[in-house]
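So the structure is just underneath, and the comments pick up after that.
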Amino acid sequence: MRLHVHGAGRIALGADEPLGPGADRSLGRLGEVPIKQYAAPAAYRRYGRLTRLMHVAAARAVAHAGIEDTSSLAVVTGTALGEVAHGLELLERLHGSGGAAVGPALVPGSVHNAPAGHLTIALKTRAPSLAVSQGALSGEAALCAAADLLGGGHADLALVVCGDEADPAWVERLAALGANGLASALATEAFQEGAAALVLGREPGGRRLGAVGATIERLPCPQRVDELLEQLAGGPLGPDAALVTRPGAGGEELAARLAETLGRPVECPGAGSGAAQAGALGALADALLDGGPARELVLVGREIDDLGAVHFRS
Amino acid sequence: MMKHGTATRALVAITGIGAAGAFGPDAKALREKLERPARVFGPNRRHPRIAFEVTVGEAREEWFAAHDHPQLDSDTGRLCLAAARECAAAAGGDGIDGLVLGTSTGGQSQNEAALFDLLEGRAPAGYSYRRRGAMSAPARLVARDLDVAGPVQTISTACTSAANAIALAADWIRSGRARRVLAGGGDALCHTTLASFRALELTGAEPCRPFGPDRPGLTLGDGAGFLLLERLDDATAAGRAPLALLLGCGLSSDAHHMTAPPADGAGAELAMRRALEDAGLEPDRVDHVNAHGTGTPLNDAAEAAAISRLFGARVPVMSCKGLTGHTLGGAGGVEAVAAVLAVSRRRAFENLGAAEPGPDCPLTLVGAGGLELPAGAVVLSNSFAFGGNNCALIFGAADGEATR
């Protein structure tokens, strides 16, 4: 199914945000999230950090698409980790009190669809909302779920937002727990907190990006390298299509294997400037916002031994 | 084939079911308990760090799937595996080529155990957030165990997770993205959910009484439920008799509040209306509603308002939660299995816990002994969640009038 991109937005280190007070480049952590520009205090005081990041990216994408009436906009969010700081505080309070010290304010942030719920309230939309999670492939998974909602006739327009937060206390706990692989990954520049958002439609029509005909042709999310190779080899890729894998999690090795088998160059760039944790969704937002994408682009991500791929054309 | 708007689309058949929870280790146990209801609740035993008394529906340890390294996988993952294995067996040698798993806890029991070890000065053994603690860890476990050859998706929309997973899977079947999809989900009890629902003052000291007068609140429970979905013509060609058809799915958002529905149940009504539209049915064609019915004062009153506006008091209503407890992200899966059983056995099951509705719930509840449904019965199953997330699914008989 072909999806038309109506607008894009993001919030990430190295993209549009000044570092600001409280930023920590070594953790890929932004300073204060500029939520005050986009939401009323009564709303954002209930938000965890991830919801703030997603709200900013979403508001920028909606504005970019020129959408004023958001009441029929479906919402799909993707996150690997959820509201990390909320979750950690809840567990630490629970441990110390047997549950008695867990207050109601911490509860909404303990579900992965907290950002999606807050966004539907902010956008006043009665359209469907979904929240998906697949580690570093959460961006790809969110794009696939949005394609399913649009293709299934559940909505005409969908706001897809993906992101994750960098929480110093959580990274410290992970390292202490012996989850050193993830803790190390989170402490490198390959991980940057942030969020990216796209407004997608079944039909063209965005005021800006729609005019240039940016589209996503989803590749069915393959689970294994041989499935991906089969799809890419037999698929409708143009001769000038760029293939790109994401750094980390074996992305470099995957690029080499794809290049050898397909007989064409496959890039694996270093950490990008955008919302790296938003995966393909972030990379697409970067491509659209930083001066126009390649004519044809296939982005391949990896999470343990699962793969995800998104096929984009301008 | 059936009409959908102006297009003709494939019929989605349910050819397998699987379930596990406090009610028992499989779908047969669920059916037997639905037909001869008895409370399965008791005190919290599995989570000794919880310092308050709470009534729950706990599955027995032996009902979680057998696994080589049970200490390494989460309770939710192992409970999902038990139900998924039962469901996938219906596919026989044809195998599964898609999995959509809904859960609100994922690998949280592993995260809790590791963090509590750390806080108590012990070294957590074998902990891996990405492989066993992540929200997507149960889907990964099930996909690897069943050798799923195709797309795998985790949906985490709190208590609608499994219902939304089934709705998404129906789209996969209709679009041809996959041929045999396992869809549903599960949640095992964990410290986080026990403490959270207490903090919101939603759990009662007594077992839940859905839609009854003076409702004490909800009762949490372990639970997982899965359906095997495929095109009706594929099932027929393979010689698999459909248990029911999934006729329509409706999704909506309340846009109201993170943890409470609007009093008029407007978002719930919209999801039901969208499911009816998706199925191409008028409200009077629905014979029975398997309600979300958590047993909390606000949720039940809002859902009852929505149901009575749409169907009047004509349609018999029940909630599974008096039997299963509220199985959170698994509820939509367990209740979809119950709805399929209602269609295939032409029976509306008893609303355990309340024979008569409270004054704020103008409904006709299914009483003791259940109720026979007409041939070709159509059953609607509701699921609602934090975040104002709503999903309604409509099931019908494979040879029913609604599918012609």
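Letters A, B, ... are given to chains in the order of the sequence lines, protein chains preceding strands, and every chain is numbered from 1. Atoms considered below: every heavy atom in the structure, side chains included; atoms not considered: hydrogens, waters and symmetry mates.
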* Residues, nucleotides or ligands: over 12 heavy atoms within 6.0 Å of A/R46 CZ -> no
* Report the option among A/A127, A/P108, A/A122 that has the most heavy-atom pairs separated by less than 4.5 Å from atoms of chain B. => A/A127
* To do: Please state whether the side chain, the backbone, both or neither of B/H191 comes within less than 4.5 Å of a heavy atom of chain A.
  => both
* Structure fact -> Applying a strict 4.5 Å limit to non-hydrogen atoms, the region of B/R131 in contact with chain A is both
* To do: Sort out for me which of A/G78, A/G98, A/G117 touches chain B most, counting heavy-atom pairs under 4.5 Å.
  => A/G98
* Side-chain H-bond candidate by donor/acceptor type, B/T160 with B/N164, under 3.5 Å -> yes
* Where on A/S133 is there a heavy atom nearer than 4.5 Å to chain B: the side chain, the backbone, both, or neither? -> both
* Asked: Is any NZ, NE, NH1 or NH2 atom of the basic residue among A/E89 and A/R93 found under 4.0 Å from an Asp or Glu carboxylate oxygen of the other?
  -> yes
* Which bit of B/T192 is near chain A, if near means a heavy-atom gap under 4.5 Å: side chain, backbone, both or neither? -> both
* Please flag which part of B/L168 lies under 4.5 Å from any non-hydrogen atom of chain A: side chain, backbone, both or neither. => side chain
* Structure fact -> Partner of B/T103 under side chain to side chain donor-acceptor pair (under 3.5 Å), picked from B/T154, B/D187, B/T157, is B/D187
* Backbone N/O of B/A266 and side chain of B/D264: donor-acceptor pair under 3.5 Å -> yes
* Crowded around B/E120 CD? As in, over 12 foreign heavy atoms under 6.0 Å? -> yes
* Neighbour count >12 (heavy atoms, 6.0 Å) for atom CZ, B/R179 -> no
* Under a 4.5 Å heavy-atom cut-off, does chain A meet the side chain of B/I155, its backbone, both or neither? -> both
* What option among B/I50, B/T105, B/L119, B/V100 has the most heavy-atom pairs under 4.5 Å with chain A? -> B/L119
* Can A/Y44 and A/H55 be said to form a ring-ring contact (aromatic ring centres under 6.0 Å, His included), step by step? -> CA-CA 9 Å; A/Y44 70 70; A/H55 188 123; 8.9 Å; no
* In terms of heavy-atom proximity below 4.5 Å to chain A, should B/R198 be classed as side chain, backbone, both, or neither? -> side chain
* Structure fact -> Answer key: most heavy-atom pairs under 4.5 Å with chain B among A/V75, A/T79, A/V102, A/N113 is A/N113
* To do: Please flag which part of A/L91 lies under 4.5 Å from any non-hydrogen atom of chain B: side chain, backbone, both or neither.
  => both
* Picking from B/R49, B/H256, B/R140, which has the most non-hydrogen pairs under 4.5 angstrom with chain A? -> B/R140
* Where does the angle between the aromatic ring planes of A/W170 and B/Y129 fall among parallel (under 30°), tilted (30 to 60°) and perpendicular (over 60°)? -> perpendicular
* To do: Against chain A, work out which of B/A195, B/S136, B/S253, B/G250 has the most heavy-atom pairs shorter than 4.5 Å and name it.
  => B/S253
* Structure fact -> Turns out that what part of B/E201 lies under 4.5 Å from chain A's heavy atoms comes down to neither
* **A/R49 with A/E193: basic N within carboxylate O range, under 4.0 Å** => yes
* Could you look at B/A158 and say if it's the side chain, the backbone, both or neither that has a heavy atom under 4.5 Å from chain A? => both
* Quick one: what part of A/A114 sits under 4.5 Å from any heavy atom of chain B, side chain, backbone, both or neither? -> both
* Asked: Roughly how far apart are A/D148 CG and A/L130 CG, rounded to 0.5 Å?
  -> 9.0 Å
* Asked: At a heavy-atom separation under 4.5 Å, does A/H95 approach chain B through its side chain, its backbone, both, or neither?
  -> both
* **Partner chain B: residue of A/L123, A/L149, A/T125, A/V111 with the largest heavy-atom pair count (under 4.5 Å)** => A/T125
* Side chains of A/E83 and A/T51: do they bring a donor and an acceptor to under 3.5 Å? -> yes
* Quick one: of A/H112, A/R126, A/K124, A/E92, who has the most non-hydrogen atom pairs under 4.5 Å with chain B? -> A/R126
* Residues A/R173 and B/D117 bridged, charged N to O under 4.0 Å -> no
* To do: Evaluate the criterion ring-ring contact (aromatic ring centres under 6.0 Å, His included) for residue pair B/F116 and B/Y127; output intermediate values, then yes/no.
  => CA-CA 12 Å; B/F116 295 162; B/Y127 175 69; over 10 Å; no
* Who among B/M135, B/M258, B/Q108 has the most heavy-atom pairs with chain A under 4.5 Å? -> B/M258
* To do: Please look at A/L90 and chain B and tell me whether the side chain, the backbone, both or neither of the residue comes under 4.5 angstrom of a heavy atom of that chain.
  => side chain
* Structure fact -> Given B/G387, B/A199, B/C391, the one with more heavy-atom pairs under 4.5 angstrom with chain A than any other is B/A199
* Top contributor to chain A contacts, counting heavy-atom pairs under 4.5 Å, from B/L194, B/L200, B/T193 -> B/L200
